[in-house]
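Right, one structure below, let's go through it.
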Amino acid sequence: MQHLMTTLVLQVAVIVVAARVFGLIFSRYLKQSRVLGELVAGMVIGPYALGSLNLPLMGQSLFPKIEAVMPVSPELYGLAVIASIVLLFLAGLETDLPTFLRYSLMGTVVGIGGVICSFFLGSSAAVLFLPGVESFMHPTALFLGTLSTATSVGITARILSEKRKMSSPEGVTILAGAVLDDVLGIVLLAVVVGISKLGAAGDSVEWGRIGLIALKAFGFWIVCTVLGILFAKKISKGLKWFKSNDAIAGVSLGMALLLAGLAEMAGLAMIIGAYVMGLSLSQTDLAHELRERLHGIYQFLVPIFFCVMGMMVNFAAMKGVLMFGLIFTALAIIGKIIGCGLPAWLLGFNLRGAFRVGAGMLPRGEVTLIVAGIGLSEGAIGQDMFGVAIMTLLIASVIAPPVLIKSFEGGTGLRSRMDVKAEEAGCHIELNFPSVHITSFIANRIREAFRNEEFYVHEVNIEAKIYQIRKEDISITLIQRPEGIELNTSQENSHLASLIVMEEILELKDLLQGIERLESPEGLCTELASGLFCEAFPRSTDDKKEEPGE
Amino acid sequence: MKKKLKKLLGPKNIFLELEAQTKSGIIEEMIERLADNGLIEDRLGALKAVVEREEKMSTGMNNGVAIPHGKTDCVSKLIVAVALKTCGIDFGSTDGMPSTIFIMTISPASRSGPHIQFLAEVSKVLRDSASRERLLAAKNTNDIITVFS
């Protein structure tokens, strides 16, 4: 036991450092997503590469090859599972549910189109090219279909922000479609896990039973989500009984783990329970606080998740399926370009615009990996197909940025002249401030002001500090840079953006004047500094008042 | 929001021709009239909020439109008023022109709601010169409501 724990601690130590170093190299020098770096870190240090080398001090390798379904130790995989629960709980917390339910028809149609087309092409690839997979209902076909559906919009959001296209018709459509993609992908996973469990039990898979499983999975998701939303205020009130934000965050995470376990017991995937818990709490006043409090654990655990997933890539097993991997990747890309591009074209974009929408939905991320991991642990896919999933994720995520940047060259993406005119007349507000702190103060105030106006503020990219601000058909993008802020919206909503920013700048002016009105800030600082580097700790003013009586 | 805009306006908060001749007089008169019509209970509190905001920066905008506003908890919901002074008055506007159309909002400080959004919707309507002309030519409250609907 002692030896087991020592090994685990050493493994986690190496994973944490390697994931960070590779993540940094990828984001800083290769200008790629940090997630890709973390995945590659896993491949490099994993049991199929450097991890298999014998270490003299340990008398064995750090990541020995395990001849089981999962090539990493159960302890390490357990840690990755907990990380995936945290990841999906936070993804649920960040989901803009009212927007998902209400937001533009275009985003919804594009999201659904992308999911259906990618699923069909992904599972078709399995049926056409993999021996032994004869039906679309085969667990391998189902998992390959599902893992090609999810979109990771973080990469796209960063590029759209750099190209100042977040509030363009293409940008808004991509972001709305991606929200729907996540939810659909997770519901699809619930159904696929149910069917594959049935298949694994040796039962013949009939359409009636498939329908029943789909109903059960969708039912669990919808019932839990509706109950969660209905009782969200009560849950939030109950959590506030703890009167400590740390305790509230801890108990919420506990509840997410509990619902994850219950989802698994109900025959669904754990992440569905975690996502539903996050989604339920996303509309409460605790959501922001929970995101802030859990950010630390997210930063620690999530790189471990991506790294462990990278460690499971068996290069030798992939040799035989390299060609299939390339075909599958090509189909996954085509699936998104056509699946999202065609509805976009039908709804008013021209071919250029439709291609931009499709290209924006290309990057794959955490949901793809989670689906692949579950598929591997369920025995629905082998190590070769797991490798194919990682290959797709890497290729799609690496080619998406240059394709997307290139696609935004040239003219408008809209067909109608009237729409083009409206698009060209977009409003762009850019303000620079003398320090990072002032920028941060103003950006916080602006976000709060929009929330007070009953807008939903959704953080699209944590690293690049990009926020989508939405209410009904109004969409505004706020980008917070160290030197200033940037707001993009349509000309129609420019008055609102200008008025809100103006009021908050006046608040800042008021604050600065308030500081100037302080009688003697220097005096206050001198008093505070007077006790420093002295033997006795500075006494409080109350103590000083008591002095005459002493 | 357009529906709400129409719903918020009525005879009690539309003042066709103000009497005051100064900027502070205009603000005071609008608040007095709102209070006389029973829309504001604490007139001093409301006046203080609008004047404090005005001291930070004049709300006189371009093309004769001014949007005096303030936030205070002496009102429990958004209070709005539309008023005209056809001969115009110096309101410290950004283009230096006299202000003729006054849109006032007083919103609760600690309650959320589409308060600035209301001002934004109004200014969206008034960026059109024809709408401003129709407003200034209004003979009764209905004419004003029609401009915003």
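Numbered from 1 within each chain, the chains take letters A, B, ... in sequence-line order. Values below: all heavy atoms of this structure, side chains included; hydrogens, waters and symmetry mates excluded.
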Do the side chains of B/Arg53 and A/Leu506 get nearer than 4.5 Å, heavy atoms only? yes

Would you say A/Lys509's side chain and B/Lys56's backbone share a donor-acceptor pair under 3.5 angstrom? yes

Closest non-hydrogen contact found for A/Glu492 with B/Arg127 is CA-NH2, 4.4 Å

Do B/Gln117 and A/Leu499 make a side-chain contact, defined as non-hydrogen atoms from C-beta onward lying under 4.5 Å apart? no

When rounded to the nearest 0.5 Å, the distance separating CD of A/Glu504 from CD1 of B/Ile116 is 8.0 Å

Side chain, backbone, both or neither: which part of A/Glu503 has a non-hydrogen atom closer than 4.5 Å to chain B? side chain

Is the number of heavy atoms from other residues, nucleotides or ligands under 6.0 Å of B/Glu41 CD greater than 12? no

Can you tell me if B/Lys77 has over 12 outside heavy atoms packed within less than 6.0 Å of its NZ? no

Residues, nucleotides or ligands: over 12 heavy atoms within 6.0 Å of B/Asp90 CG: no

Please report the shortest heavy-atom distance between A/His495 and B/Ala120, naming the atom on each side. CB-O, 3.9 Å

